[in-house]
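Step one of this worksheet: look at the structure below.
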There are 2 protein chains.
Amino acid sequence: MGIMRKNPEFQSLLRKSGYKATSSRMMILAVFRRLRHPLSAQEIIDSVGKAMDQATVYRTLTALKTKGIIRQVDLRHNHAHFELANAKEHHHLICLRCGRIEDISGCGIEELQSGILRKTKHFSEIRQHSLEFYGICKSCARGGGMSSDLHASRIAELYHSR
Amino acid sequence: MGIMRKNPEFQSLLRKSGYKATSSRMMILAVFRRLRHPLSAQEIIDSVGKAMDQATVYRTLTALKTKGIIRQVDLRHNHAHFELANAKEHHHLICLRCGRIEDISGCGIEELQSGILRKTKHFSEIRQHSLEFYGICKSCARGGGMSSDLHASRIAELYHSR
DNA sequence: AATCTAAATGCGAATTATTTGCAAATAATT
DNA sequence: AATTATTTGCAAATAATTCGCATTTAGATT
């Protein structure tokens with residue numbers, strides 16, 4: 001794991017958003033950077049161990065989401081997931097059987113969005129969107145089982161998510 | 001409210017899916033048909049009053065979702081919403097301030113989907129997707145307040161959803 | 001560097017959302 | 001009408017998230 005030193009990039013990101021650059025927030029951002037898939041509150045709570053309370057994790061997630069530093073991803077488990085928003089715009093392809101997640105990008109949603117804005121009578125602005133596709137991955141289509149290249153953490157989460 | 005008589009359409013829909021056409025299921029389907037926006041479990045529990053237990057509501061929602069009779073909609077509240085799947089394919093435009101929901105259709109997502117399927121190495125099939133846009137509705141952009149044509153039930157839900 | 005203060009955190013308890021086990025009730029079949 | 005596999009109610013468990021309040025801390029000020 002190594003020594004945790006403070007990351008000036010995260011520090012200024014937080015300050016620019018009007019937040020104090022506390023060690024809790026720095027640590028949570030570091031977790032997002034290290035684990036590159038959408039994270040649930042519980043996964044973060046586990047990752048940080050007893051370094052902070054779960055209430056702080058939830059409060060931090062809310063704060064980061066409010067400022068658009070992270071964004072919410074809907075995986076249809078029954079809890080929220082989040083990922084860093086700085087990554088290039090992308091969406092997800094989620095296997096309905098094993099939960100494998102593939103990132104997809106360059107899907108051309110911008111045009112859909114401008115078309116919608118042209119059509120709507122009631123909205124003046126679109127700020128966010130969520131787009132996820134659910135299907136069957138090839139390894140599930142083939143055999144029955146989970147592919148072995150599914151990360152352990154992902155498997156653990158699948159196990160614990162009902 | 002009037003007399004509730006059994007609807008043969010729902011009855012055969014349930015039987016075709018391998019379920020018994022119980023009064024609970026018929027009633028929940030009737031609620032979906034009557035209230036035409038995405039419903040949370042709690043809204044259904046309230047609508048049916050003491051006609052059935054909440055466990056039955058949740059079990060029914062799971063069953064209907066499994067067979068594709070209803071589909072899950074992500075409104076970023078922290079509970080699930082569902083709507084009848086028979087309605088023409090459409091998505092939602094959700095106001096980040098007041099929660100107003102506008103249905104959008106004919107958005108052209110089919111092409112995105114086939115493009116994605118062409119590009120992915122890991123998936124062989126896409127079965128569902130979720131696409132919601134979040135923005136600011138005109139009445140929120142104008143004044144501060146909620147537009148008066150927002151339905152009471154929607155307002156109630158906004159009030160109670162944190 | 002010491003002081004100050006609003007913002008952030010820990011802790012515990014409260015709420016909200018959803019699920020489960022099991023005995024009793026019921027839809028569909030015979 | 002009798003049978004049986006499903007479904008339901010009830011009560012309690014678990015999961016997910018939030019809240020109140022006393023204490024701590026980051027960053028500003030002196």
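The chains referred to below are lettered A, B, ... by the order of the sequence lines, with proteins before strands, and numbering in each begins at 1. Just the heavy atoms: all of them, side chains too, but no hydrogens, waters or symmetry mates, feed the values below. Everything numeric here is computed off the predicted structure, so don't read it as measured data.
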Query raised in the report: Do you reckon A:Ile109 sits in the same ILVMFWY cluster as A:Leu93, going by side-chain contacts under 4.5 Å, direct or chained?
Result: yes
Query raised in the report: Aromatic rings A:His79 and A:His77: how do their planes relate, parallel, tilted or perpendicular, breaks at 30° and 60°?
Result: perpendicular
**Report entry** Value in whole Å for how far the P atom of C:dT16 lies from CD1 of B:Ile45
**Finding:** 13 Å
Query raised in the report: Partners of B:Tyr19 by side-chain contact (heavy atoms from CB on, under 4.5 Å), sequence neighbours excluded?
Result: B:Leu14, B:Ser17, B:Arg25, B:Ala63, B:Thr66, B:Lys67
Report task. Please state how far atom NE2 in A:His77 lies from atom P in D:dT17, giving the value in whole angstrom units. Result -> 13 Å
Report summary line: Which of B:Ile70, B:Ile69, B:Asn86 passes side-chain contact (heavy atoms from CB on, under 4.5 Å) with B:Phe32? It is B:Ile70
Query raised in the report: Does the side chain of B:Glu132 reach to within under 4.5 Å of the side chain of B:Ile94, using non-hydrogen atoms?
Result: yes
Requested in this report: List the steps, then state whether salt bridge (Lys or Arg N to Asp or Glu O under 4.0 Å) holds for B:Glu102 with B:Arg100.
Outcome: CA-CA 7 Å; B:Glu102 181 178 341; B:Arg100 170 203 271 272; 5.7 Å; no
Report task. Check whether any side-chain heavy atom of A:Glu110 sits under 4.5 Å from a side-chain heavy atom of A:Ser114, and report yes or no. Result -> no
Report task. For D:dT17, take OP1 and OP2 only and decide whether either is under 4.0 Å from a side-chain N or O of A:Asn78. Result -> no
**Report entry** Of residues 53-63 of chain A, the positions that come close to DNA chain C - non-hydrogen atoms, cut-off under 4.0 Å
**Finding:** A:Asp53, A:Ala55, A:Thr56, A:Arg59
Requested in this report: Please state how far atom CD in A:Gln42 lies from atom P in D:dT18, giving the value in whole angstrom units.
Outcome: 14 Å
Query - Atom-to-atom span, CZ of B:Arg25 to P of D:dT8 - whole angstrom - result: 5 Å
Query raised in the report: Is the centre of the A:His92 ring less than 6.0 Å from the centre of the A:His37 ring?
Result: no
Query raised in the report: At under 4.0 Å, does any side-chain N or O of A:Thr22 touch on OP1 or OP2 of C:dT9?
Result: yes
Report task. Step by step, work out the side chain to side chain contact (heavy atoms under 4.5 Å, CB included) result for A:Gln72 and A:Gln128. Result -> CA-CA 10 Å; A:Gln72 190 167 347; A:Gln128 305 162 26; over 6 Å; no
Requested in this report: Return the 5'-most residue of the pair A:Ser24, B:Ala21 with respect to DNA chain C, ranking by each residue's nearest nucleotide.
Outcome: A:Ser24
Query raised in the report: When all nucleic acid strands are considered with a 4.0 Å heavy-atom cut-off, which category describes A:Ser23: base, sugar-phosphate, or nothing?
Result: nothing
Query - Bending between helix ends of the helix from C:dA1-D:dT30 to C:dT30-D:dA1 [5 pairs per end, 10° resolution] - result: 40°
Requested in this report: Take atom CG of A:Asp74 and atom P of D:dA16, then tell me their distance rounded to the nearest Å.
Outcome: 15 Å
Requested in this report: Find the distance B:Lys50:NZ to D:dT8:C1' and express it as a whole number of Å.
Outcome: 18 Å
Report task. Measure the distance from CZ on B:Arg76 to P on D:dT17 and round it to the nearest whole Å. Result -> 14 Å
Query raised in the report: Rounding to a whole Å, what distance do you find between B:His79:NE2 and D:dA15:C1'?
Result: 16 Å
